[in-house]
Amino acid sequence: MRELYQFTARTLETKQPVPFGAMIVSTRTGKPLMRATNAVRRENDPSAHAEVRTVRLACKKLKRTSLAGFTMYSTCEPCPMCMANALWARLDRVVFGATIADANRHCLQIHIPATEVAQRADMPCPVEGPVLRDLCITLFTHPNMQKAFRKWSTANNIASKNAVAKL
């Protein structure tokens with residue numbers, strides 16, 4: 001988790017900081033396979049969450065749809081979309097840092113715990129966390145990230161107002 005935190009924290013010094021990072025490692029050896037950060041704004045794709053991007057890249061690298069034998073680490077508890085993706089990818093386990101509630105203090109979230117999504121699935125995948133929660137929360141509270149959150153909020157409000165005005 002510390003390695004993933006450091007990887008994700010590097011975005012805080014860029015023009016497009018993000019607090020969400022994910023890494024997939026071999027469950028047996030711990031050897032990293034793939035990692036990525038959230039790219040929703042950069043790619044204009046609401047599904048470009050760190051966890052989904054990491055699964056996509058890992059499956060492409062392995063040339064298969066199953067990630068059995070691998071564990072995903074995420075700086076934040078996976079949202080329902082990301083957790084469902086982890087289940088479909090057949091990951092062995094998901095480990096997260098900050099919680100959905102922690103993230104919700106700074107940005108919008110869907111309030112369904114990853115453990116609940118996993119419990120309702122036919123595919124087994126233990127969910128563990130929070131792990132190094134306080135460290136991962138600092139990705140959200142960093143001054144550059146706070147500035148980005150304010151910018152996102154303003155942009156979302158303007159877009160919503162423009163959409164309503166067009167109706």
Side-chain angles (χ1 to χ4, degrees), residues 1-25 32-58 71-89 91 93-118 125 127-167:
M1 188 64 79
R2 284 187 197 283
E3 181 182 335
L4 176 59
Y5 165 83
Q6 292 168 346
F7 170 73
T8 308
R10 287 195 292 247
T11 73
L12 299 175
E13 302 305 325
T14 69
K15 291 181 181 180
Q16 296 184 328
V18 293
F20 304 102
M23 180 168 59
I24 295 175
V25 304
L33 172 66
M34 191 59 60
R35 62 186 182 186
T37 58
N38 180 299
V40 168
R41 296 198 178 273
R42 187 173 68 244
E43 296 178 3
N44 295 308
D45 177 356
S47 71
H49 290 201
E51 298 90 341
V52 171
R53 292 183 71 235
T54 305
V55 166
R56 286 177 182 158
L57 292 167
T71 296
M72 175 187 287
Y73 289 85
S74 179
T75 57
C76 188
E77 182 176 2
C79 74
M81 174 184 69
C82 292
M83 190 61 218
N85 188 53
L87 291 164
W88 286 115
L91 284 162
R93 180 174 64 129
V94 171
V95 180
F96 67 87
T99 66
I100 288 173
D102 296 329
N104 188 235
R105 290 185 186 95
H106 307 282
C107 55
L108 300 174
Q109 293 295 312
I110 297 174
H111 303 277
I112 302 172
T115 53
E116 184 175 337
V117 176
C125 182
V127 178
E128 299 174 18
V131 173
L132 296 179
R133 180 181 182 188
D134 291 341
L135 181 64
C136 290
I137 287 173
T138 66
L139 295 167
F140 292 90
T141 59
H142 187 280
N144 290 347
M145 195 65 246
Q146 288 292 302
K147 183 178 175 183
F149 284 138
R150 286 190 295 276
K151 183 179 174 183
W152 295 357
S153 178
T154 301
N156 286 339
N157 288 336
I158 290 169
S160 294
K161 287 177 185 174
N162 288 341
V164 170
K166 289 180 181 180
L167 295 176

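Count residues from 1 along the sequence.
A36 approaches L57 most closely through the heavy-atom pair CB-CD1, 4.2 Å. C76 approaches T99 most closely through the heavy-atom pair SG-O, 3.6 Å. For W152 against M145, the heavy-atom pair with the smallest separation is CH2-CE, 3.7 Å. What you find for A118 and V127 is that their closest heavy atoms are CB-CG2, 3.9 Å. Nearest approach of C136 to G97, heavy atoms of both residues: SG-CA, 3.8 Å. Closest of all the heavy-atom pairs between Y73 and L4 is O-CD2, 3.3 Å.
Checked against salt bridge (Lys or Arg N to Asp or Glu O under 4.0 Å), R93 has the following partners two or more places apart in sequence or in another chain: E128. A search for side chain to side chain donor-acceptor pair (under 3.5 Å) contacts involving R56 returns S47, not counting sequence neighbours.
Among residues at least two apart or in separate chains, side-chain hydrogen bond (donor to acceptor under 3.5 Å, both in side chains) pairs with a member in residues 74-88 are E51-S74. Screening residues 106-115 for side-chain hydrogen bond (donor to acceptor under 3.5 Å, both in side chains), with sequence neighbours left out, gives H106-Q146. Applying the salt bridge (Lys or Arg N to Asp or Glu O under 4.0 Å) test to pairs two or more places apart or on separate chains, those with a residue in residues 132-149 are D102-R133.
Atoms OG1 and CE, on T37 and M23 in that order, are 13.0 Å from each other to the nearest 0.5 Å. To the nearest 0.5 angstrom, L139 atom CG is 7.0 Å from L135 atom CG. Note that CE of M72 is 14.5 Å distant from CZ of R35, once rounded to the nearest 0.5 Å. For the atom pair SG (C82) and CD1 (I110), the distance works out to 9.5 Å, reported to the nearest 0.5 Å. The structure places OG1 of T71 at 9.5 Å from CD1 of I24, a figure rounded to the nearest 0.5 Å. Atom OG1 of T54 and atom CG of N38 lie 10.0 Å apart (nearest 0.5 Å).
Within a 6.0 Å radius of CZ in R2, no more than 12 heavy atoms belonging to other residues, nucleotides or ligands are found.
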Would you tabulate the side-chain donor-acceptor contacts of residues 13-20 under 3.5 Å, counting partners in other chains and residues two or more places apart, or write 'none'?
{"from": "E13", "atom 1": "OE2", "to": "H142", "atom 2": "NE2", "distance (Å)": "3.4"}
{"from": "T14", "atom 1": "OG1", "to": "T11", "atom 2": "O", "distance (Å)": "2.6"}
{"from": "T14", "atom 1": "OG1", "to": "Q16", "atom 2": "N", "distance (Å)": "3.3"}

